[in-house]
Structure formats: structure tokens, C-alpha cells
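Written out below as C-alpha cells is the structure these notes cover.
Just so you know, these numbers come straight off a predicted model, no measurement behind them.
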Amino acid sequence: MSVQTVEGDFVSADGKYAIVVGRFNAFVVESLLEGALDTLKRHGVSEDNVRIIRVPGAFEIPLAVKKIAGQKKDDAIIALGAVIRGGTPHFEYVSAESSKGIAQVMMDYDLPVANGILTVNSIEQAVERSGTKAGNKGAEAAMSALEMVSLMRRLEA
């Protein structure tokens, strides 16, 4: 029996990428953006093939992602933001709706949308995940986008 495996890679990383960035908690999110941009650059994506779209916060990211997906200009979208738990239920609503919204766009448009929105319990956790001891989740989201673009092309062939 011969089992076929299809997966993406990072070798043929050409393509166009939109990065949607929430400005709320910018002290963390800007580090996520730097990580994503560095990853795309290191994998050969031209600056001309990257555009950054800024929105107020994580809650607004899905609408921008939907609008971008409808333009059919990009091969993948990277969503970056940070939702930090506070003393009210607001955290639950924003984190759930932002994740659900970008997932819905991905399914509706058959377009990879990498979720780089941090949902953390503390500022310390946010800082750890934006470039210190827990890595950079923006860079990880960019890696996911690169791999998914490659995979989608292989699945279409």
C-alpha cells in the first residue's frame, strides 16, 4: 500500500500577504508585527508583496480580514492582536468573537488566515509570547501562512 502525503513547505514562499494589526495593546502587538515581517522577509517574500492594515483592536480584525479576503488580492492573511484578561467578562467576548470571525472568513473564502491574536491572562504572558521566552507568535503566524499558501497551491494542482 502506498500512502500519499501532501503538505506545504517554506521553500516556494512567493505570494502576497496582508497583515491585519490591532492597535490596542500596541506595546505587544508591534513586536508580533516585527516577528511576522522578519519571518516573511527571511523566507524570500518581497516587501512589495506585503501590506499592513491597521484596525483599532482585536474585535475589529475579522471585519477587515473579511473585506481583504473579498478583494482576492492576497494569498494569505495574518491577523495580529492581543487580548489581555482583565477583571470583567470583556476578555471572553473579544477573544471568542475575534477567533470565530477570522475562522469564518477562512472557511467562506477558502483563504488561509493565520491567527496570531494573543489571548492571555496577564501582561507578562503577552510579553513572553511576543518575542521573549515563549517565542514570537507573530512569527509563528507568518510561518503558518507561508506553509498554508504552499499547501493550498499543491492541493489545487
Side-chain angles (χ1 to χ4, degrees), residues 1-26 28-83 92-120 126 128-131 134-157:
M1 176 168 89
S2 175
V3 176
Q4 180 185 14
T5 301
V6 181
E7 59 187 340
D9 63 31
F10 309 102
V11 177
S12 55
D14 60 334
K16 294 184 181 260
Y17 298 83
I19 306 175
V20 180
V21 182
R23 284 191 303 267
F24 200 76
N25 293 315
V28 171
V29 179
E30 289 303 311
S31 293
L32 297 175
L33 176 59
E34 288 174 20
L37 290 170
D38 181 61
T39 296
L40 294 174
K41 181 179 179 182
R42 287 176 185 263
H43 284 84
V45 177
S46 165
E47 286 183 6
D48 294 335
N49 289 334
V50 178
R51 59 185 178 141
I52 299 169
I53 298 88
R54 295 190 182 269
V55 299
F59 193 75
E60 293 79 19
I61 289 173
L63 180 58
V65 167
K66 181 179 178 185
K67 191 67 150 180
I68 293 162
Q71 294 171 346
K72 300 185 185 300
K73 292 180 181 178
D74 300 288
D75 296 297
I77 302 170
I78 302 166
L80 302 176
V83 186
E92 304 294 336
Y93 301 120
V94 174
S95 59
E97 294 305 314
S98 63
S99 293
K100 185 168 58 173
I102 63 175
Q104 187 64 50
V105 171
M106 185 165 41
M107 299 306 292
D108 288 348
Y109 288 88
D110 291 329
L111 181 72
V113 181
N115 186 348
I117 301 173
L118 297 179
T119 52
V120 295
E128 287 173 1
R129 288 162 176 76
S130 63
N136 186 307
K137 300 305 177 187
E140 290 177 20
M143 292 293 289
S144 176
L146 289 163
E147 183 175 355
M148 287 302 293
V149 167
S150 172
L151 177 62
M152 293 296 101
R153 289 178 179 165
R154 289 184 177 158
L155 291 173
E156 291 170 358

| task | For the residue pair Val149 and Met152, establish whether any side-chain heavy-atom pair is separated by less than 4.5 Å. | result |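 They are not in contact (no side-chain heavy atoms under 4.5 Å apart), so the answer is no.
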| message | A side-chain contact here means heavy atoms from C-beta on lying under 4.5 Å apart; do Val20 and Ile77 qualify? | response |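 Counting from C-beta outward, Val20 and Ile77 do come under 4.5 Å.
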| query | Does Arg153 come within less than 4.0 Å of Asp14, counting only side-chain N to carboxylate O? | reply |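 Looking at Asp14 together with Arg153, the answer is yes, because their closest N to O distance falls below 4.0 Å.
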Nearest non-hydrogen partners of [X] and [Y], listed with the distance:
X      : Y      : result
Ala64  : Val55  : CB-CG1, 3.7 Å
Asp74  : Tyr17  : OD1-C, 3.7 Å
Ile102 : Ala79  : CD1-CB, 4.1 Å
Leu118 : Arg129 : CD2-CB, 3.8 Å
Val29  : Leu80  : CG1-O, 4.1 Å

| request: Output all residues satisfying salt bridge (charged side-chain N to carboxylate O under 4.0 Å, His left out) with Asp108, sequence neighbours left out; order by chain, then residue number. | output: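 Expected list: none.
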| Considering residues at least two apart in sequence or located in another chain, which fulfil the salt bridge (charged side-chain N to carboxylate O under 4.0 Å, His left out) criterion with Glu60? |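 So Glu60 forms no salt bridge (charged side-chain N to carboxylate O under 4.0 Å, His left out) with any residue.
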For residues 135-147, which side-chain donor-acceptor pairs fall under 3.5 Å, sequence neighbours excluded?
unit_1	atom_1	unit_2	atom_2	d
Asn136	OD1	Gly138	N	2.8
Asn136	OD1	Ala139	N	3.0
Asn136	ND2	Ser31	O	2.9
Asn136	ND2	Ser130	O	3.4
Lys137	NZ	Glu140	OE1	3.3
Lys137	NZ	Glu140	OE2	3.3

| field | Any residue meeting side chain to side chain donor-acceptor pair (under 3.5 Å) with Lys100, in chain and number order, not counting sequence neighbours | value |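 Result, side chain to side chain donor-acceptor pair (under 3.5 Å) vs Lys100: Glu97.
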| message | The criterion is side chain to side chain donor-acceptor pair (under 3.5 Å); which residues satisfy it with Glu34, sequence neighbours excluded? | response |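 Here no residue qualifies.
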| In this structure, are over 12 heavy atoms from other groups packed under 6.0 Å from Tyr109 atom OH? |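 More than 12 within 6.0 Å, yes.
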| Main-chain N/O of Ala96 paired to Ser99 side chain as donor or acceptor, under 3.5 Å |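 Checked: no pair found.
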| request: State which residues pass side-chain contact (heavy atoms from CB on, under 4.5 Å) with Leu63; sequence neighbours excluded, sorted by chain then number. | output: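 Scan of Leu63 (side-chain contact (heavy atoms from CB on, under 4.5 Å), adjacent residues dropped) gives none.
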| task | Could I get the full list of side-chain contact (heavy atoms from CB on, under 4.5 Å) partners for Asn49, not counting sequence neighbours? | result |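 Partners of Asn49 under the side-chain contact (heavy atoms from CB on, under 4.5 Å) test: Lys16, Val45, Ser46.
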Give every donor-acceptor pair under 3.5 Å between a side-chain atom in residues 65-72 and any protein atom, sequence neighbours left out.
unit_1	atom_1	unit_2	atom_2	d
Gln71	OE1	Arg51	NH1	3.3
Gln71	OE1	Arg51	NH2	2.8

| request: Starting at CG of Leu37, measure out to CZ of Arg42 and round the result to the nearest 0.5 Å. | output: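 One gets 12.0 Å once the value is rounded to the nearest 0.5 Å.
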